[in-house]
Amino acid sequence: MQTATEITAITNQENAADMPENVANLLKATIMMVDDEPITMEVVQAFLEDAGYQHFVLVDDPREAMATLEEKRPDLLLLDLMMPEISGFEILQALRARDKFKHLPVLILSSSSDNADKLQALDLGATDLLSKPVDPSELQLRVRNTLAAKAYQDQLAFYDPLTRLPNRHLFLEQLDWTLKSAKRNQDAFALLSIELDQFDKINDTLGLFTGDDVLRQLAQRIAGIVRSADLLGHFDIEEESAVNLFHFERGVFSLILHRLHRERDAARAAQRLLEAIRQPLKIGPTEIYVTASIGISTYPTEQVNSINMLQLASSARDYAKGKGGNSFQFSSRRINIKFQQRLSLEARLRKALDREELVLHYQPKLDVARNTITGVEALLRWHVPDRGLVPPNQFIPIAEETGFIVPIGEWVLETACRQLAAWQQAGQPPIDMAINLSPAQFQNPGMFKRFREIIEASGVDPKCLILEVTEGMLLEDSNTKIEIMNRLRAHGIRLAIDDFGTGYSSLSYLRRLPLDELKIDRSFFINLFEDARCRALVSALIKLAHNLDLLTVAEGVETEAQLSYLQKEGCDQYQGFLFSPAVPAAEMEMLLSAAG
Ligand code: C2E
Ligand code: MG
Ligand code: MG
């Protein structure tokens, strides 16, 4: 077993070459290229030289390929497919037919977008494919991976035979590479050090064989999660090499999360891992329960070299273990504090619905010309016992990430519909009810059906309902969402685009989305009279919306002057503190009665 100090010692020795020994070994590889375009080979060579490779053999006459292979015995062949005289396919076939080249890694560099060509190349024994023009980092990665895999075949040196995961050697190399590439590309990444709690005890009491079994099963389980798309909660995971998993020594795993978007993605990954690890393991007839402790260091929060990052993650892990295990800990104090607060809010939010801590307030929407109430917008509030009313911006993001937004959103719809029905039955003037939707709600496949049921049960006419969506919801998978929007509209429900003009505003959304209403974001009105550009934008948005047959609603109107401006510009409706903020249902009732 190597200790942290030993690792430091090893790398210090290696500092001469400024990299772990095995990276240096890979860089000693001889890379041969066969391509009829010398310029392509020069570019590829330059990219690979950037990564530190030094030994190249370039062949621009495919007829010489086999002879040169014999002579130079490269470690890796980069092969073009489409060449005159002899094609890459033929070369591939010829070399695979010879025993000594049977296992030579061959990367196909192909400009062919034809899938059949690619399949044929793979069928003939190509190791991997790369499309031209090559992306330098992809090229470097694939070359490195291919060479590493070759090393595995050759000597099993980089892999742990028990779990079949890459071992510490590959880890250090990968970490080093990751750090350099993160520095170069200004990327963020996280290093997770995972240690099984009290693994020694399992070995001692149940024996080494059982210990091995536990490790194998857990390694599989962890690898399964690492491959699954939801580890990070965003879609990058589908990219190759977004996550790397390693097994160090008995019971210690390491994980590198590349291209981290937010620190909380690392926390989320750690939570998922802990959850998966603590599920019971079946070893023969018995069930064994294992927990783990995880330490996380992140770059660029920690401005350090790779060994320090590993040490920081390990000591954070020891700290988590010292607190009783089954938890994770960041190496940075600042991040830890942030997460503790967040976790406690998350835990409370889980119970908020059951404890009836959520309430809806209602903000009137008014007709600009007549200054009469046309409807209300339901706005969610969370009544946290010792913190008072928490505004939605503080908890909706958590609800979205954790998926609570789905039951919460249904509760909002149900409560708002029930309230509207009650007002109608009490003889209040007919009004519309606007409800905010989160993108996550559209990811729920049964959403439309659920909404229809809730609305039917309440007895309100769907024509009175307006669902507000934001531009952000269109970022992913928009076709499914547009389909749901179409179904909602076919059912009589109107749709509004909320906070228009913030975020990723794109006029193309207005064309693509089935919409009835455009809500101009509050930010345009803050400096309406100081900033001529705000006025220009507001008046252009109103005209644009009208030309697209959309009703316009101004958000956040606070002064009479703003209102007169909107009257002059022909805006249809407004909301804002000028008339009323969002108020509890009882107060809203008084406003309605006074108006009616
Ligand atoms: P939003 O839908 O754009 O709601 C308008 C926000 O502006 C509300 O904040 C409202 O109180 C505030 N506002 C209205 N008039 C004025 C004004 O004259 N001046 C100023 N300074 N502010 C004004 P709130 O209630 O804090 O809601 C914030 C956001 O939270 C909402 O923005 C909406 O995106 C989200 N939200 C609220 N309720 C729900 C809900 O039930 N479900 C979902 N998914 N999101 C919700
Ligand atoms: Mg809204
Ligand atoms: Mg808004």
Side-chain angles (χ1 to χ4, degrees), residues 360 362-363 365 374-380 392-393 395-401 403-417 420 432-452 454-455 460 462-524 541 544-545 548-556 572-575 582:
L360 287 184
Y362 300 90
Q363 182 176 39
K365 284 171 78 179
T374 60
V376 296
E377 176 176 2
L379 291 160
L380 189 57
N393 297 337
F395 66 90
I396 287 196
I398 304 179
E400 284 176 337
E401 270 170 46
F404 300 151
I405 194 66
V406 172
I408 290 178
E410 287 177 3
W411 178 88
V412 169
L413 180 70
E414 197 179 323
T415 311
C417 285
L420 184 61
D432 294 331
M433 174 68 74
I435 291 160
N436 293 284
L437 285 190
S438 287
Q441 291 176 265
F442 280 89
Q443 247 134 36
N444 183 20
M447 184 250 190
F448 175 72
K449 193 165 157 279
R450 249 332 259 149
F451 269 44
R452 207 179 50 196
I454 293 172
I455 295 164
V460 300
K463 290 198 177 65
C464 302
L465 297 177
I466 303 167
L467 298 182
E468 299 189 359
V469 299
T470 53
E471 300 148 281
M473 73 156 255
L474 266 195
L475 289 181
E476 301 140 4
D477 190 21
S478 49
N479 284 341
T480 331
K481 290 174 183 164
I482 292 180
E483 198 185 304
I484 299 181
M485 292 175 79
N486 280 324
R487 293 177 76 181
L488 290 166
R489 251 176 124 223
H491 196 59
I493 299 167
R494 277 170 288 161
L495 297 176
I497 186 150
D498 203 353
D499 305 339
F500 193 79
T502 58
Y504 305 90
S505 284
S506 149
L507 291 180
S508 75
Y509 288 149
L510 297 184
R511 182 174 55 79
R512 288 169 61 202
L513 289 182
L515 290 172
D516 302 275
E517 203 173 273
L518 181 146
K519 301 189 78 171
I520 306 170
D521 190 65
R522 191 164 73 80
S523 54
F524 290 102
L541 275 179
L544 177 75
L548 293 168
D549 254 344
L550 300 173
L551 192 101
T552 47
V553 184
E555 298 188 275
D572 299 296
Q573 298 185 355
Y574 78 96
Q575 274 175 256

Check this for me, if you would: do Glu555 and Lys365 make a salt bridge, where the nitrogen-to-carboxylate-oxygen distance has to be below 4.0 angstrom?
no
Can you tell whether the side chains of Asp432 and Arg494 come within less than 4.0 Å, N to carboxylate O?
yes
What is the distance from atom [atom1] of [X] to atom [atom2] of [Y], rounded to the nearest 0.5 Å?
X: Thr374; Y: Leu551; atom1: OG1; atom2: CG; result: 8.0 Å
X: Leu467; Y: Arg489; atom1: CG; atom2: CZ; result: 11.5 Å
X: Asp521; Y: Asp498; atom1: CG; atom2: CG; result: 8.0 Å
X: Leu379; Y: Ile435; atom1: CG; atom2: CD1; result: 10.5 Å
X: Ile408; Y: Thr415; atom1: CD1; atom2: OG1; result: 11.5 Å
X: Arg487; Y: Ile493; atom1: CZ; atom2: CD1; result: 11.5 Å

Minimum-distance pair of heavy atoms, taken over all atoms of [X] and [Y]:
X: Leu550; Y: Leu515; value: CD2-O, 3.3 Å
X: Val406; Y: Ala440; value: CG2-O, 4.3 Å
X: Ile454; Y: Glu414; value: CG2-CA, 3.5 Å
X: Leu380; Y: Trp411; value: CD1-CZ3, 3.7 Å
X: Phe500; Y: Phe524; value: O-CE1, 3.4 Å
X: Met433; Y: Ala416; value: CE-O, 3.4 Å

Between [X] and [Y], is any side-chain donor less than 3.5 angstrom from a side-chain acceptor?
X: Gln363; Y: Glu377; result: no
X: Thr552; Y: Asp572; result: yes
X: Gln573; Y: Lys519; result: no

Does [X] reach the side chain of [Y], with side-chain heavy atoms less than 4.5 Å apart?
X: Phe442; Y: Thr480; answer: no
X: Leu437; Y: Met447; answer: yes
X: Met485; Y: Leu513; answer: yes
X: Val553; Y: Leu518; answer: no

Please enumerate all residues that pass ring-ring contact (aromatic ring centres under 6.0 Å, His included) together with Phe451, with sequence neighbours excluded.
none
Take Leu465 and Cys417 through the test side-chain contact (heavy atoms from CB on, under 4.5 Å) and record every step on the way to the result.
CA-CA 8 Å; Leu465 297 177; Cys417 285; 4.0 Å; yes
Main chain of Leu495, side chain of Asp516: is a donor-acceptor contact present, judged purely on distance under 3.5 Å?
yes
